[in-house]
Number of protein chains: 4
Amino acid sequence: DLPFVLISGPCQIESRDHALFMADALAKSATDAGVPFIFKSSFDKANRTSVSGKRGVGIDAGLAILAEVKAKLGCPVLTDIHGPEQVDAAAQAVDILQIPAFLCRQTDLLIAAGKTGAVINVKKGQFLAPWDMAAVAQKVASTGNERILLTERGASFGYNTLVSDMRALPVMAETGYPVVFDATHSVQQPGGLGSASGGQRDYAPLLARSAVAAGVAAIFAEAHEDPDNAPSDGPVMLKLDWVGPMLKQLKAIDRVVKG
Amino acid sequence: DLPFVLISGPCQIESRDHALFMADALAKSATDAGVPFIFKSSFDKANRTSVSGKRGVGIDAGLAILAEVKAKLGCPVLTDIHGPEQVDAAAQAVDILQIPAFLCRQTDLLIAAGKTGAVINVKKGQFLAPWDMAAVAQKVASTGNERILLTERGASFGYNTLVSDMRALPVMAETGYPVVFDATHSVQQPGGLGSASGGQRDYAPLLARSAVAAGVAAIFAEAHEDPDNAPSDGPVMLKLDWVGPMLKQLKAIDRVVKG
Amino acid sequence: DLPFVLISGPCQIESRDHALFMADALAKSATDAGVPFIFKSSFDKANRTSVSGKRGVGIDAGLAILAEVKAKLGCPVLTDIHGPEQVDAAAQAVDILQIPAFLCRQTDLLIAAGKTGAVINVKKGQFLAPWDMAAVAQKVASTGNERILLTERGASFGYNTLVSDMRALPVMAETGYPVVFDATHSVQQPGGLGSASGGQRDYAPLLARSAVAAGVAAIFAEAHEDPDNAPSDGPVMLKLDWVGPMLKQLKAIDRVVKG
Amino acid sequence: DLPFVLISGPCQIESRDHALFMADALAKSATDAGVPFIFKSSFDKANRTSVSGKRGVGIDAGLAILAEVKAKLGCPVLTDIHGPEQVDAAAQAVDILQIPAFLCRQTDLLIAAGKTGAVINVKKGQFLAPWDMAAVAQKVASTGNERILLTERGASFGYNTLVSDMRALPVMAETGYPVVFDATHSVQQPGGLGSASGGQRDYAPLLARSAVAAGVAAIFAEAHEDPDNAPSDGPVMLKLDWVGPMLKQLKAIDRVVKG
């Protein structure tokens, strides 16, 4: 029942300067609201809807930027990894390794990640029930690493739509691991734009409020100063200036719920 | 952005004494929490899972009891109706006529109910999208009666399961009509017990919190002093002594959200 | 394991002449394919998406037309009923009373229909699992009337979409009652056109083939000589000249499956 | 509109002798039914529900066995690959590289596989709409390799359940690539047994019939002489002696549909 944490950043690392700018701005909003902050950004978007979607700066450049953000801002840093060969380098640069939702059942990746000793944040696959995540977490825990986070990011609901079942949060919390609610990917409309995923950014703060009211350890929400022109996840990312007011509301709800 | 209202009562009218007991207890909890209260109970359960499920006290006895609750407690009273032939008698006894979810597309019932001039609460069918409710409300409004409430009570999600999409609340609110979240039917597991519907009472307060955090005009939640032995909806009804503490939390979240 | 039957006709009775024209044309196609034929048409569309959708010719005119079709063509006739007060008149005019999907849990309607002694075709609600239909059928059977048909017409799948789970057919057949597959309502997109339901007529013959291959007692498929200008269900009804070729394919598949 | 092909084999390679035994038995059944045959088996099960699920014989042993099956039986051979580092070795041993459903959006894997020039069978993710597969196929085709198959294996439908939407088959066929229906994974109940996936083997032949009636290029169906004791996918695999009779029915339906 600790106060909730914010995990935020731009979907992908666009440049060193952009990452530092975003991390600085988000850290300030979080500090203002009294919310601990973890910076998130990806060095590679490995499963874009289209082959022509922008992939990112790559692992070497990306990890260097993330390490610099961590050093300069003093905040923990999270990034996602896509294959067992990436985990060691990533674990040296960042605090939290994230397993993408589509890959949450890939045993080798979970075990390789777990063995680094880093905190492992596993996103729940859109195709899984919340209780299925116990077996997923167990794959990581089998390495002796119990520093596990589990993230809800929506469940498949018909075609091109996700739905957020708030009951998933307490169900996953029964594992004993902290539960994160990903407010921006939960409003994704997978494949909804034909060659890209659509989204409903406007509903992300609402779902974040609902999740905090249900009770979570952290809110994950990507943000961008100009999401409509971002290279990925534009339709779902929060506008940067929404973050501060949203956090204040979330903080007040969190206090009510956790007493 | 008025403070939220509680709509509560036992699923069905079991007896005059029980209805008065429940109404009194719920009204006290609501007053304590500073929440306006509307009493709800059914005189007939017209669509039980099984033919042997208890139906209720019937329309004449039921409406008389509801009128007495209204007179004694001084609170508005709501009941559900199942055919056009019931609307006039019901509208004389109660303040709000409720259209059951399965019947939310039955034009004759909506129009007959609308013509009484009573407030009409239409539950969204488990088979409808939230935006589909605009055409449903329009059927009532075509009678000149704009005193309409729209209630979310879960959407079909695979078999024997409902899911509460919190985005449905603002979508329905775009109609301009107040939106209610039904926290207890939303945790129903339709047909989940074979010859009866199952449910997850424990998650109802959580969904109520999430809905209030999303922003609603009212929370609908059935309650009972001994739900495990209630003649209907036992698996989903709140225990009576949960109501007071829940309302205090909801009230605090409502204040945060509505500023 | 009897050969499959066709239940077909225009969604609603548009006029005496149109009903006779359609019944005659469909009966000829069925005879050509060696398929027994039941004529279906509605006297009232009681749950249109919009209040301005055309309702139909009404019960008195409609039942008279259906009785005339039955007399002239010599085929059994089916129509749907919407309230207990309609069942007696309808049962005098037609052979099969159909319970609409939204109303499949309304106990009074099921029992009133059952008591007429007519064959009762209950459509499975879009919100029900196939195994839930056993309790529905039991409501009818509680009247002593075991002449029951159960119809699959799609299950809710996200918003504005239905999906046909072919496993539902054998599951419902475990009740011992003949199972019908409704190929045209299964391609409905409920509410998909805003103030009307959309549909995917082109996929109806495909789903009919799949259902016959799974094994069914009857195929239900509405048809019209000019569906794009029909007053209801235009987007899903078969074009009249599709029926003959479709039946020949279905007949051949039925023979393979039933040996 | 070529006659349909069978893709079958035991879920995983258990041993050289078992693979040869199964391939021989299945090839005989296929020849008897006049159906071309492709042998399928996995050298590694990379995404088991539980960390303690059996993984398989490994890539070196597995590819050697598959090459021997191909040489001895003279049939094409298919296996699934899980990372870009596996594609070259696999493409030397087998004819068709299969991309698992969970990995169907992993750009690097699709491109690496495509570059081998082998036939690539991409399984549709349980979280994708059928029209989303056009962008997936395009990732492979961007390598210049147009030898692509697309496989339907069920879509997420609530929790722990998949549903087979037969309309997905023609939708995917609009890409111009041959479409395969996976009849055994489509009856999987993901995570349904807690630490393993459940399944409904009994419905697999029914779904295969429905899919052939809808029109497909191939039926994929895993089989085993003793599925209840198989190391993986036991609840869904066909019993070996079901295969022959099923193929004869499917062949007859295929003839009806393809004229």
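Numbers restart at 1 for each chain; the letters A, B, ... are given by sequence-line order, proteins then strands. Excluded from the calculations below are hydrogen atoms, water molecules and symmetry mates; all remaining heavy atoms, backbone and side chain alike, are included.
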4.5 Å side-chain heavy-atom contact, A:L109 and D:H82
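With C-beta onward as the side chain, the pair stays apart.
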
Would you say A:L103 and D:L103 make side-chain contact, with heavy atoms under 4.5 Å?
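Heavy-atom side-chain distance check passes, below 4.5 Å.
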
Side chain from CB out, backbone as N, CA, C, O: work out which of these in A:S142 comes under 4.5 Å of a heavy atom of chain D, or both, or neither.
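Contact with chain D involves the side chain of A:S142 alone.
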
Which answer fits D:D108, side chain, backbone, both or neither, if we ask what part of it has an atom under 4.5 Å from a heavy atom of chain A?
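Contact with chain A: backbone and side chain both.
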
Distance-minimising heavy-atom pair for [X] and [Y]:
X	Y	answer
A:K139	D:T49	CE-O, 3.6 Å
A:R105	D:R48	NE-O, 3.6 Å
D:N47	A:T107	CA-OG1, 4.1 Å

Let's test your reading of the structure: which of A:Q126, A:Q106, A:R55 forms the most heavy-atom pairs below 4.5 Å with chain D?
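The option with the most such pairs is A:Q106.
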
Heavy-atom pairs under 4.5 Å with chain D - which of A:S50, A:P130, A:C104 has more of them than the others?
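The answer is A:P130.
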
Please identify, among D:A135, D:S156, D:G191, D:A46, the residue contributing the most non-hydrogen atom pairs under 4.5 Å to chain A.
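Max contact count across the listed options: D:A46.
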
So if I apply the side chain to side chain contact (heavy atoms under 4.5 Å, CB included) rule between A:Y159 and each of D:D165, D:L128, D:D132, which one comes out positive?
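Of all the options given, the one that passes is D:D165.
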
